[in-house]
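Down below is the structure, laid out as structure tokens.
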Amino acid sequence: MNYIIINNKKIELNNVSEDTPVLWVLRDHLNLTGTKFGCGVGMCGACTVLVDGVATRGCQTLLSEVKEKKITTIENSEDKEMNILRMHWKEEDVAQCGYCQPGQIMNATGLLKENSKPSEEDILDAMDGNICRCGTYNRIKTAIFKASKDI
Amino acid sequence: MGITRRDFIKNSSILTTAFVVGFNIPIKGKAAAILKNNILEPNAFVQIDKDNSITFILGQAEMGQGAYSGLAQCIADELDAKWDEIVFKAAPVAPVYNKPGSTIMITGGSGTIRYHQENVRKVGAVIRLMLKKAAAKRWKVSLSDISTKDSYVTNTKTNEKFAYGDLVDDIQKMKLPNDVKLKNPKEYRLMGKPLKRHPIEVQEKITGKGIFGIDVRLENQKYAALIHPQVFGAKIKSYDDSVAKTMAGVLKIKQLPNNTIAVIAEHWWQAKQAVDTIVVQWDTGEFVKTSTADLKKEYRSYFEKDIHSMRKDGDTKKAIHNASHVVEAEYYFPFLAHAPMEPINCTVYHDKDKALLVVGSQMQNLSRDKCAQILEIEPQKIEYHNTYLGSSFGRRGAVNFDFIIDASYVAKNEPWPVMTLWTREDDIKMANYRPMAVSRAKMAVDNDGNITAFESDIVNQSITQGTIFEKFMFKNGIDKTQREGLENHPYKVTSHNLRAFCPQSPIPVLWLRSVGHTISAPIVENIIDQAAVASKIDPMDFRIKNLQDARFINLLKNVAKQSNWYKREKNSGYGVAIAKSFGSIVAYVVKVKLKEKDFKVEKVWCAVDCGYSFNPLNVENQIISSVNFTLGYVKYAEITIKDGAAEQNNFYDYNVARISDAPDSINVEIINSGEKIGGIGEPGVPPMFAAVINALYDVTGKRYTSFPIKLG
Ligand code: FES
Ligand code: FES
């Protein structure tokens, strides 16, 4: 039996080909459309999820690689770091079109889980793989920085 | 259709439910038509339910610029509705949502607030007045004893209250008042305030619940992936799909009439994998011999020809002859892809003489009509839903409707709703680029630092020729988008000779955020800078001296002060630029630092005059957006043509700005001049290009006039 754990729920996946990227498992098989497709080649970060707490590109990770692992997606409403980040996302009025934002928030969550007090350089390094075509970068920086103070 | 709409839309909060109560608020020019035909167009802008929930129905597309929230702010203020609790819904296709004075529903030209604020405010004001009248009647008091706030009407004498929803039956029977007055600025509760995006929109966007086109999930929906021609204008000779046919999930493979092959499958990833196994034989035609170098050479050759005159006054030849200083430059602007964050998609369900079309589009009724044309049905038989747009920058307002056409052909006569989803590569290679342009400019200055001549030639493909926009935007061989910002630049110049030409090619071109101004502002603001340097006058002072409009001068003085212009730090480059576009004027000073073979824009100081800022925070957000957006085009992005096809594919070879490119600070000051209201989604882009190249000159002594800028 194949299963993955998504947002703390065990999900059985028996009819999905194991070489399907996690991005498409989430979006098209499980209808969790919060995780976004942006480039399909690991260059934009829109598809970022956490795998066992680590920020991971869903388009570059196959179902076979995450079997029995814990996946956290933007639909999760209980994760501590995510919720603190969300609060500051609102405070800084970050989102414009919003399309990249799930990936930004997931990637920032991964960063704060690994390093709860990132320097500006740490933030730029960690977030450089996440494109925002609306250019909300300055707001993102501030939101992450302020969130880190709250953790 | 066999299935109800509720069945169709399983996953969407913005696309559901029938209306409970609707008001038809005829607006200027529409009332007569509506009355004549005796049709009440449903629920034009505001719906108040008996439980006091209030929904705004908005015809402008939300693509990041804050259209929904901005319009809602206007309506809610005039209506005195409770801000946090109002809900939005995307409007269906109906003439009442057209751009005033036009026959199209369009989100473009930074027009949401400037073209629509007055009408939507009237709607809010009319309904508030009706609610007050209804309450006055019930309480038998005069209107002056009634106040409104947070979706309640209050009897100021007794403190009794009615929720707006309590009065719905009363106002439905009422005639529309014609004695309505809009609030004056002192009465504004929401307008003019730095409100954050509406909390419901924000919540959707930070929890992954917002529905973009790509998130649409209909009952029994299938997915299509495509193969497009790579060489522009190529035609399919034959193709081998023998492997694809046998692959899991594949339902159908078909060649579309537009030289595209589609695989329809249960899931998109299956369709995509199948597409990758198909081998196509192309008839590539003549264009396969073309490269960017060839196009540049061709474009340049028009400089020597008798091309179309855009503006000619005075005697530039004589002025140049008599000048103290003459500067000249040649400019190259590459083809640019919009690369909106959400890959292009469109979902269509064709059911005999009816259809459902769900897409994020900047041009709703024209998208619907194009779909109808392809499905060979009546446009009115299409149920249309607009979703959130995962950014667009013009791409989802394609004048050739490429993605609507693809999706309509894919779903035509098929038994399922089909989402056609492009890859990033499809988008980068399918064109609809900001046109490549080659231009030259010459400026003459007299002994006193007055500009005596401005000559410029601009050569780029027309965006509108051969499209439905041709009749408004293409005249005498010149595209309106070539004129904007160039023929009407803000400087006092005593003679002009401006010329333009539109060559043709099979590469489709399109408006990209700020359109012609992305070309004209860098030309004007760079040649001015060169003229200043040649005249040995400070570039700020030279501009101020040669400008005539006090609004421009104010902004320059503002950014000069903000940036401490006259005491600039050494070892950095400073550049100034100013431009008016889409009704607003934006001035920048930028500070650039060299880093080995690279440069970084460290600081940006900005002053904006958009007449009146309905939401200063959103103005600031749009400037931040414009700065970062432009930096990607200044530093990295370029589509080049080789063997008749785009050489770039995805974000690894078509680079955009990333967080490390964002300036350390972007300071924005807003001047409410009280002039006509301008837009804000685009005006921040054009002067940014010029400010950076001017700053690079300041620090390197080299004029970079080819984009993207490569130092060294
Ligand atoms: S979609 Fe995975 S990184 Fe872009
Ligand atoms: S908010 Fe639009 S792409 Fe980031």
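Naming convention: chains lettered A, B, ... in sequence-line order (proteins, then strands); numbering from 1 in each chain.
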Residues from residues 102-116 of chain A approaching chain B under 4.5 Å (heavy atoms): A:P102, A:I105
Contact list for residues 103-125 of chain A, test ring pair (Phe, Tyr, Trp, His ring centres under 6.0 Å), sequence neighbours left out: none
Name the region of A:K90, side chain, backbone, both or neither, that has any atom closer than 4.5 Å to a heavy atom of chain B. both
What option among B:Y223, B:Y652, B:F629, B:W268 has the most heavy-atom pairs under 4.5 Å with chain A? B:W268
Work out which heavy atom in B:A662 is nearest to a heavy atom in A:Y137; give both atom names and the distance. CB-CB, 3.7 Å
Highest number of heavy-atom pairs under 4.5 Å with chain A among B:N650, B:V202, B:D661, B:L631 belongs to B:N650
Got a second to check how far B:Q221's CD is from A:D28's CG, nearest 0.5 Å? 8.5 Å
Kindly write out the residues that satisfy ring pair (Phe, Tyr, Trp, His ring centres under 6.0 Å) with B:F212, not counting sequence neighbours, or none if the list is empty. A:Y99, B:Y388
Going by atom types only, do A:Q96 and B:K205 share a side-chain donor-acceptor pair under 3.5 Å? no
Pick from B:E201, B:K196, B:Q65: which one has the most heavy-atom pairs with chain A under 4.5 Å? B:K196
How long is the straight-line distance from CE of B:M247 back to OG of A:S17, given to the nearest 0.5 Å? 9.5 Å
Heavy-atom closest pair, residues A:R139 and B:I624: CZ-CD1, 3.6 Å
Run B:K209 and A:E75 through salt bridge (Lys or Arg N to Asp or Glu O under 4.0 Å) and show every step you take. CA-CA 8 Å; B:K209 295 201 178 74; A:E75 284 86 358; over 6 Å; no
Counting heavy-atom pairs under 4.5 angstrom with chain B, the leader among A:K141, A:R86, A:E121 is A:R86
Who wins among A:P21, A:G129, A:C132, A:G34 for the most heavy-atom pairs under 4.5 Å with chain B? A:P21
Just verifying a value: how many Å separate B:D215 CG and A:K36 NZ, rounded to the nearest 0.5 Å? 3.0 Å
For residues 37-46 of chain A, which side-chain N or O atoms pair as donor and acceptor with protein atoms under 3.5 Å away, sequence neighbours left out?
none

Mind listing the closest non-hydrogen atom pair of A:R133 and B:S391 along with its distance? CB-OG, 4.1 Å
Counting only N and O atoms by type, is there a donor-acceptor contact under 3.5 Å from the side chain of B:S625 to the main-chain atoms of A:C134? yes
When B:N621 is tested against each of A:D93, A:T136, A:N138 for side-chain hydrogen bond (donor to acceptor under 3.5 Å, both in side chains), which residue passes? A:D93
Taking A:A95, A:C97, A:C100, A:S77 one by one, which has the highest count of heavy-atom pairs under 4.5 Å against chain B? A:C97
Heavy-atom contact with chain B under 4.5 Å, split by part of A:N76: neither
Which of B:P663, B:P199, B:P340 touches chain A most, by non-hydrogen pairs under 4.5 Å: B:P663
Please state whether the side chain, the backbone, both or neither of B:I214 comes within less than 4.5 Å of a heavy atom of chain A. both
Would you check if the side chain of A:D128 reaches a backbone N or O of B:S660 as a donor-acceptor pair within less than 3.5 Å? yes
